[in-house]
Asks: 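The following block contains the structure, expressed as structure tokens.
Keep in mind it's a predicted model, so treat the numbers as computed, not measured. Ligands are counted one by one from 1 in listed order, and the atoms in each one are counted from 1 as well.
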Amino acid sequence: MASLLLLAAAIIFRKASASPIDSFSRAHGDCTQFNIPVVATAPSAIYDIPRVNNDIEAAAWTIHSGTWSIPEGPQLIIRNTTTFGTFNIHVQLCVPKSTSKNTLQIATHGVHYDSRYWDPELVREKQSYVEASLKAGYTILTYDRLGTGQSDIPNAYDVVQAPLELEILRQLTLLARNGTLYNLASKVNSSSAAFHSLPKPNKVTHIGHSFGSFITSAFIARYPDLTEGAIITGFILSKYLGMVGTTAFSPLFGGVSPYNRPSGYIVCSKTGIQNIFFGGNLTTAYSTAMLDYGNAIKQPFAVGELASAFNIIGLPGPGLKAPVQYVLAEFDFYICAGDCKGLADPKVLAATYPNAKEIEVVIQPNTGHAFTLHNNATAGYQLTFDFLAKHGL
Ligand SMILES: *[C@@H]1O[C@H](CO)[C@@H](O)[C@H](O)[C@H]1NC(C)=O
Ligand SMILES: *[C@@H]1O[C@H](CO)[C@@H](O)[C@H](O)[C@H]1NC(C)=O
Ligand SMILES: *[C@@H]1O[C@H](CO)[C@@H](O)[C@H](O)[C@H]1NC(C)=O
Ligand SMILES: *[C@@H]1O[C@H](CO)[C@@H](O)[C@H](O)[C@H]1NC(C)=O
Ligand SMILES: *[C@@H]1O[C@H](CO)[C@@H](O)[C@H](O)[C@H]1NC(C)=O
């Protein structure tokens, strides 16, 4: 598993296909959405995991994954394989109206959501990380991970797996770094001046949330020269990681409307969304409207990505020189069994990224796992922008 061979990879481009919103103006910037056909090759495997085709099988899957005597990780591999394919990845690129920076952030969302996690529409000014980034002068790329949102929805067992998702992030980063991403954006809507002749980014930083932080952590460990800084939100390695188990998802099969996913996609019930994503004082931390919204934009996930996650969790990154900030929600149930205070071990972090310029850990008070869906979100974002600015990003 350590030898994550990324055999060959190539990217082809074509004019993006239509999406519901091609271009829209924001208070602090302009955004455009398009699809990128990413050609990627990654190691994969056939896992011995239960099939999920209805709600009963969805619940049985969580019981299976929580049963202590059933093996996990590499022991579930029936056969090692290689996945090669072209995967349409739906992206949103937003550029600030005015800025003195030329830093691009690439944001990778977690399980149970798509890229809207970063850009909730409920009260954008108070919640959207995208909006806050534009206001702070950052260009930001968000994308629907494979198997979510408007990206391709391939086989949930054998294709949607963590090493392939890591490779997709690498490909998107390469495109961004060499200017191709901006060039592509300029062609989506040629009447929008905002994306014309953007100089390629001087600096690229990466931010993840939850499973997106597993991917981002692995990315900076494996490809340290492709990032200038990383923000890891909603993830820290400790004995409490995932301890509450996937039964907390209160899972349903994602095969029904509006999701209509194939076999192996699971969606949280509303109770599961509250269990995993919300936390803090019921009067002050979040509103009922936020919980309703968080439930309305939820997405099914593919069981293969959890079965294969062991490939990318906890990879050492001795080559990383860039700074890393960990942002933990004080009352994160899934990651910290409900309380993240005191769980970040500086020795463990320093051993993971021994040459990082700085490793900072901050705790966002009175907040659950979904930072963007809590009242005090923007104050937390400011801690990240301050950290980036301190490092010239
Ligand atoms: C799959 O590959 C891993 C890593 O190379 C190896 O340890 C494992 O034994 C292989 N599993 C099977 C079933 O071939
Ligand atoms: C940019 O990088 C992508 C991905 O590696 C590559 O396919 C493409 O040819 C590069 N384009 C330029 C202009 O360098
Ligand atoms: C293209 O961009 C312009 C300017 O932002 C906008 O008014 C127009 O609606 C966009 N057209 C499409 C098809 O998105
Ligand atoms: C929640 O916050 C309210 C308003 O500040 C306060 O009155 C209440 O005591 C808090 N509840 C708990 C359980 O801390
Ligand atoms: C809001 O978040 C900021 C940044 O973490 C923190 O300093 C502040 O105490 C928080 N406010 C409340 C009311 O929790």
Asks: Find out if a path of hydrophobic residues (ILVMFWY) with successive side-chain heavy-atom gaps under 4.5 Å connects L198 to V130.
Replies: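 L198 clusters together with V130.
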
Asks: How close does the nearest protein non-hydrogen atom get to atom 4 (C) of ligand 5, and which residue and atom is it?
Replies: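 The protein heavy atom lying closest is Q364 OE1, 3.4 Å.
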
Asks: According to the interplanar angle, ranging from 0 to 90°, do the rings of F301 and H112 count as parallel (below 30°), tilted (30 to 60°) or perpendicular (above 60°)?
Replies: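 Correct class here is perpendicular.
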
Asks: Nearest non-hydrogen contact with atom 8 (C) of ligand 4 belongs to which option: N281, L282, T283?
Replies: N281

Asks: Counting only heavy atoms closer than 4.0 Å, does ligand 5 sit against the backbone of T284, its side chain, both, or neither?
Replies: neither

Asks: Does a salt bridge link K390 with E358, judged by any charged N lying under 4.0 Å from a carboxylate O?
Replies: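 Looking at E358 together with K390, the answer is yes, because their closest N to O distance falls below 4.0 Å.
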
Asks: Right, does atom 14 (O) of ligand 4 have protein non-hydrogen atoms nearer than 4.0 Å?
Replies: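 Within 4.0 Å: yes, protein heavy atom nearby.
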
Asks: Do F235 and F214 have ring centres separated by under 6.0 Å?
Replies: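 Centroid distance F235-F214: below 6.0 Å, so yes.
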
Asks: Starting from atom 12 (C) of ligand 5, what is the nearest protein heavy atom, named by residue and atom, and what distance separates them?
Replies: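 Going by distance alone, atom 12 (C) of ligand 5 is nearest to N376 ND2, 3.4 Å.
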
Asks: In ligand 5, which numbered atoms sit nearer than 4.0 Å to a non-hydrogen atom of L383?
Replies: 4 (C), 5 (O)

Asks: Taking the basic N atoms (NZ, or NE/NH1/NH2) and the acidic carboxylate oxygens, is any pair closer than 4.0 Å for D345 and K239?
Replies: no

Asks: Using the ring centroid of each side chain, check whether H369 and Y334 are separated by less than 6.0 Å.
Replies: no

Asks: I'd like to know if the side chain of S133 pairs up with that of Y381 as donor and acceptor (distance under 3.5 Å, no hydrogens or angles considered).
Replies: no

Asks: May I ask which of I77, L76, I78, N80 has a heavy atom nearer to atom 3 (C) of ligand 1 than the others do?
Replies: N80

Asks: I'd like to check whether N366 has a polar contact with ligand 5, where a contact means an N/O of the residue lying under 3.5 Å from an N/O of the ligand.
Replies: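 No, there is no polar N/O contact under 3.5 Å.
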
Asks: In terms of residue, atom name and distance, what is the protein heavy atom nearest to atom 6 (C) of ligand 5?
Replies: P365 CG, 4.0 Å

